[in-house]
Number of protein chains: 2
Amino acid sequence: MADSPRSLDPVQLGAYFDLIEVSSLLRYAVEQQLREAGDLSYVQFQLLARLGDSPTGSQRMTDLADGVVYSRSGLTYQAGLLEKAGLVVRAPSPEDERVTTVTITDAGRALLAKVLPGHVEVVRGMLFEPLSREDVMTLAGLLAPVRDHMRSTPPRSAAPRRRQREA
Amino acid sequence: MADSPRSLDPVQLGAYFDLIEVSSLLRYAVEQQLREAGDLSYVQFQLLARLGDSPTGSQRMTDLADGVVYSRSGLTYQAGLLEKAGLVVRAPSPEDERVTTVTITDAGRALLAKVLPGHVEVVRGMLFEPLSREDVMTLAGLLAPVRDHMRSTPPRSAAPRRRQREA
DNA sequence: CCACGGCCCTTTGAATTCGAAGCAGTAGAC
DNA sequence: GTCTACTGCTTCGAATTCAAAGGGCCGTGG
């Protein structure tokens, strides 16, 4: 660590800004499509998709929260909405009464199947349209190591992130 | 449009998921650092950075909102917080009384200078650590056309995005 | 057997966001 | 000069999120 450059070079800065902007716009567009097609938020869609992928159609609350990067309380809220809508069912695990198991219903699977094509179309149209097949492979090859690096460097919770208070 | 493939191929799917995950984790980490270093949200930091970059240190509200992709009302809220913290000043434009001009203060510039090094360090450590200089150039070259494509394809507001209501 | 500590989920309160409605100022038509 | 339409910002209500606190269940040590 002989040299510690003070700033990012222009190429890095551009890549950083573009990454943030691209992901923000993509996320916003996807949210809109999901809202229109099935009145789902992106989080709710992620939860349904994750449950649909699971062989049994069930997952523990904690595992779901870990996968979606959300706080437990946030998951409780969203799972409550999904349950009220009849898309999932919650039940305490017989083995361990502490654990709540979430299971996707047939209605949930149906809704998932209904919104998926549109979802795919938005992603294709916004993200993959200007990229060749080779570009996509290159992009995937670049993002994978970054993802692994981030996963292995969990956000150290030095201070528990106070909200706007004094400033 | 002879063929309309029903789903994304595995490489596309991986790139899509990784993009979302990487940007989410990066954004989360950056938010924490900014909160700890200067009690700023990412949005507030973006606003200050944008004002700091401006030659005059001033911008119209509308221009600021467009850059940060936020709604006007959201910007009003955040600008209000920044003003209460003494980091910016708001004043109606002499030329057009409808226009509110936001100007960064010396305190704002000082805070910006204080949090910037840490911000850069987080981005470098999380995003650029596993990438070579060449990788970064490749990534930037891939993201730029996607960004331009997204900008030129604004989110068509077919339905005005109702919040959770019936489902 | 009973307490202690730990894990899992939920409830609560505050913060942040958006869309819709409202208010003021500007510009063009007549 | 006045009316009308438009623009720019703010206010308001609702939705979503998180961290902290609360309550129930499980395992271990005594």
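The chains referred to below are lettered A, B, ... by the order of the sequence lines, with proteins before strands, and numbering in each begins at 1. The basis for the numbers below is simple: all heavy atoms, side chains too, and nothing from hydrogens, waters or symmetry mates.
Heavy-atom nearest nucleotides on DNA chain D were determined for A:Glu97 and for B:Asp63, and the one closer to the 5' end corresponds to B:Asp63. Of the two residues near DNA chain D, A:Val43 and A:Glu95, the one whose nearest nucleotide lies more 5' is A:Val43.
Nucleotide D:dT10 holds its P atom 9 Å from the CD atom of B:Glu83, rounded to whole Å. Distance, B:Leu75 CG to D:dT10 P: 8 Å, rounded to whole Å. Between A:Tyr28 atom OH and C:dT17 atom C1' the separation is 11 Å, expressed in whole Å. For the pair A:Arg72 CZ and D:dT17 P, the computed distance is 16 Å after rounding to whole Å. Remark: C1' of C:dG25 and CZ of B:Arg60 are 13 Å apart, rounded to the nearest angstrom. Between A:Asp96 atom CG and C:dC9 atom C1' there is a gap of 11 Å when expressed in whole angstrom units. Atom pair A:Tyr70:OH and D:dA19:P shows a separation of 12 Å (rounding to whole Å applied). Summarising the geometry, the separation between CG on B:Leu81 and C1' on D:dT11 is reported as 15 Å, rounded to the nearest angstrom.
Of the listed nucleotides (C:dC9, C:dG25, D:dA20), C:dC9 has the atom at the smallest distance from the side chain of A:Val99. Each of C:dC18, C:dC7, C:dT16 was ranked by its minimum atom distance to the side chain of B:Tyr77; first place goes to C:dT16. In the set C:dT11, D:dT11, C:dG25, C:dG25 carries the atom at the smallest distance from any side-chain atom of B:Arg98. Counting only heavy atoms from C-beta on, A:Thr76 has its side chain closest to C:dT11 among C:dT11, D:dT17, D:dG8. For A:Ser73, whose side chain is taken as the heavy atoms from C-beta onward, the closest listed nucleotide among D:dT10, C:dT11, C:dT10 is C:dT11.
Nucleic acid contact class of B:Thr100 (heavy atoms, under 4.0 Å, all strands): sugar-phosphate only.
For the residue pair A:Thr138 / A:Asp135, no side-chain donor-acceptor distance below 3.5 Å is found, with atom types taken as modelled.
Here the shortest heavy-atom pairing between A:Val11 and B:Ala140 reads CG1-CB, 4.0 Å.
The side chain of A:Arg35 places an N or O atom within less than 4.0 Å of a non-bridging phosphate oxygen (OP1 or OP2) of D:dT16.
Between the side chain of B:Lys114 and the backbone N or O of B:Ala37, at least one donor-acceptor pair lies under 3.5 Å. Panel note: side chain A:Thr103, backbone A:Ser58; no donor-acceptor pair is recorded below 3.5 Å.
Between the side chain of B:Ser71 and the base of C:dG19, no donor-acceptor pair under 3.5 Å is found.
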Can I get a per-line list of side-chain donor-acceptor pairs under 3.5 Å for residues 17-24 of chain A, giving both atom names and the distance, sequence neighbours left out?
| residue | atom | partner | partner atom | Å |
| --- | --- | --- | --- | --- |
| A:Asp18 | OD1 | B:Arg147 | NE | 2.6 |
| A:Asp18 | OD2 | B:Arg147 | NE | 3.2 |
| A:Glu21 | OE1 | B:Arg151 | NH2 | 3.0 |
| A:Glu21 | OE2 | B:Arg151 | NE | 2.8 |
| A:Glu21 | OE2 | B:Arg151 | NH2 | 3.3 |
| A:Ser23 | OG | A:Leu19 | O | 2.9 |
| A:Ser23 | OG | A:Ile20 | O | 3.0 |
| A:Ser24 | OG | A:Ile20 | O | 2.9 |

